[in-house]
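One structure is given below, encoded as structure tokens.
Side-chain atoms are counted along with the backbone in the values below, which use heavy atoms only and exclude waters and symmetry mates.
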Amino acid sequence: MDTADRAHAPVVVAIDGPSGSGKSTVSRAVAARLGLSFLDTGAMYRAMTWWMLANEIDVDDAEAVAIACSKPVIVSGTDADGPTITVDGVDVSGPIRGPEVTAKVSAVAAVPAVRSRLVELQRGCAEPAPRGIVAEGRDMGTVVFPDATAKIFLTASEAARAERRAAELRAKGVDEATITAMAADLGRRDAADSSRATAPLSQAADAVLVDTSDLTLDQVIDTIAELVEQRAGHLTAA
């Protein structure tokens with residue numbers, strides 16, 4: 001796409017990466033800096049998982065999950081300053097971050113029917129974004145937005161990711177036993193998300209790899225914001 005085409009194309013920033021790499025924090029900050037909308041697609045999969053558990057669907061039964069996944073009404077707000085997620089009109093931003101949902105979300109996300117439905121919703125969230133959108137997840141650059149303006153694969157060492165996740169949970173008042181269990185679960189989730197048959201976690205061929213292990217948050221935000229501005233051609237910070 002040449003500069004003239006970029007000047008008229010909607011800005012879509014696809015940020016992928018494993019658990020604990022800082023995708024949500026970085027994506028929200030980049031979106032806020034550049035005046036773009038923000039989409040946390042992981043929250044959508046968590047919302048689906050929460051609904052399955054609340055309605056006593058066996059999440060280890062892929063067929064049962066596939067049959068039920070069309071029922072919940074999942075709405076994701078895209079304001080970077082205050083993103084929201086509701087299921088059937090109920091705010092679930094808190095419950096979806098609990099250990100029960102965390103333990104089961106990879107199984108639900110692996111079901112093709114779930115991914116098909118949520119990919120449709122995710123693309124629908126991007127269409128009305130006034131200036132464009134920053135979408136973070138695990139298959140943004142490879143599946144959901146293959147023609148994204150900029151693609152970033154955000155990663156960090158497993159030790160760094162575990163430490164960050166623990167600090168995040170501790171700040172929310174989560175007990176130490178739960179923190180230890182959830183931090184230790186990062187490796188299992190990485191393996192599950194990377195090996196699933198449908199839309200596995202992987203770096204898009206044209207994505208820029210950003211390893212955040214030894215970078216400050218501000219350095220990561222600066223790096224990605226500059227990349228987006230270069231790729232977009234016409235974008236200026238809000």
Side-chain angles (χ1 to χ4, degrees), residues 1-17 21-48 72-94 96-97 114-154 199 204 206-208 210 212 217-238:
M1 185 180 294
D2 60 27
T3 302
D5 290 333
R6 286 200 305 269
H8 299 286
V11 175
V12 176
V13 183
I15 300 182
D16 293 309
S21 58
K23 296 190 302 298
S24 293
T25 300
V26 169
S27 298
R28 282 186 64 181
V30 169
R33 177 179 295 189
L34 299 178
L36 303 176
S37 298
F38 164 71
L39 181 61
D40 179 354
T41 64
M44 299 174 80
Y45 285 100
R46 285 176 171 272
M48 180 69 78
V73 177
I74 297 173
V75 177
S76 181
T78 58
D79 182 351
D81 291 328
T84 58
I85 185 80
T86 64
V87 179
D88 297 335
V90 177
D91 178 5
V92 295
S93 55
I96 64 172
R97 302 296 175 182
V114 170
R115 301 204 73 83
S116 178
R117 180 167 183 230
L118 293 187
V119 165
E120 182 179 356
L121 292 179
Q122 289 155 15
R123 289 173 176 161
C125 288
E127 290 174 2
R131 283 170 55 91
I133 197 164
V134 178
E136 64 99 338
R138 286 168 171 72
D139 63 347
M140 296 300 98
T142 54
V143 175
V144 184
F145 301 111
D147 297 320
T149 311
K151 299 179 185 179
I152 294 92
F153 191 84
L154 207 63
D206 54 348
V208 175
V210 177
T212 69
L217 176 60
D218 285 342
Q219 287 174 325
V220 177
I221 295 168
D222 289 342
T223 297
I224 295 177
E226 289 171 8
L227 173 65
V228 174
E229 290 173 328
Q230 291 170 3
R231 296 290 174 86
H234 63 294
L235 188 65
T236 55

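- Arg123 contributes a side-chain N or O that, together with a main-chain N or O of Val144, makes up a donor-acceptor pair within less than 3.5 Å.
- By the side-chain hydrogen bond (donor to acceptor under 3.5 Å, both in side chains) test, Lys23 pairs with no residue at all, sequence neighbours left out.
- Side-chain atoms of Thr41 come within 3.5 Å of backbone N or O of Glu136 as a donor-acceptor pair.
- A donor-acceptor distance shorter than 3.5 angstrom exists from the side chain of Arg131 to the backbone of Gly35, with no hydrogens or angles considered.
- Residues Leu154 and Ile224 form a side-chain contact, since some pair of their non-hydrogen atoms from C-beta on lies under 4.5 Å apart.
- With a 4.5 Å cut-off on side-chain heavy atoms, Pro83 and Asp40 do not count as touching.
- Counting heavy atoms from C-beta on, the side chains of Asp91 and Thr84 never come closer than 4.5 Å.
- For the pair Thr149 (side chain) and Val12 (backbone), a donor-acceptor distance under 3.5 Å is present.
- The nearest pair of heavy atoms linking Ser21 to Thr212 is O-OG1, 3.6 Å.
- When all heavy atoms of Ala204 and Lys151 are compared, the pair lying nearest together is CB-CD, 4.0 Å.
- Val228 and Ala150 get closest at one heavy-atom pair: CG2-CB, 4.2 Å.
- Checked by atom type and distance alone, the side chain of Arg28 pairs as donor or acceptor with a backbone atom of Ala80 at under 3.5 Å.
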Go through the steps for Asp222 and Arg33 under the test side-chain contact (heavy atoms from CB on, under 4.5 Å), then give the verdict.
CA-CA 10 Å; Asp222 289 342; Arg33 177 179 295 189; 2.7 Å; yes
Could you go through Thr25 and Val220, starting from their C-alpha distance and side-chain angles, then the distance that decides it, and tell me whether this counts as side-chain contact (heavy atoms from CB on, under 4.5 Å)?
CA-CA 10 Å; Thr25 300; Val220 177; over 6 Å; no
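- Taking 4.5 Å as the limit, some side-chain heavy atom of Leu118 sits within range of a side-chain heavy atom of Ile74.
- Within the 4.5 Å cutoff, side-chain heavy atoms of Leu39 are placed close to those of Ser76.
- What you find for Gly141 and Asp16 is that their closest heavy atoms are N-OD2, 2.8 Å.
- Sorted by first and then second residue, the salt bridge (Lys or Arg N to Asp or Glu O under 4.0 Å) pairs involving residues 78-90 (not counting sequence neighbours) form an empty list.
- Here the shortest heavy-atom pairing between Gln122 and Tyr45 reads NE2-CE1, 3.6 Å.
- Closest of all the heavy-atom pairs between Val92 and Ala47 is CG2-CB, 4.3 Å.
- With rounding to the nearest 0.5 Å, the separation of CG in Leu34 from CD1 in Ile133 is 13.0 Å.
- Within the model, atoms SG of Cys125 and CZ of Phe38 stand 11.5 Å from one another, a figure rounded to the nearest 0.5 Å.
- Arg97 contributes atom CZ, which lies 8.5 Å from atom CD1 of Ile85 (distance to the nearest 0.5 angstrom).
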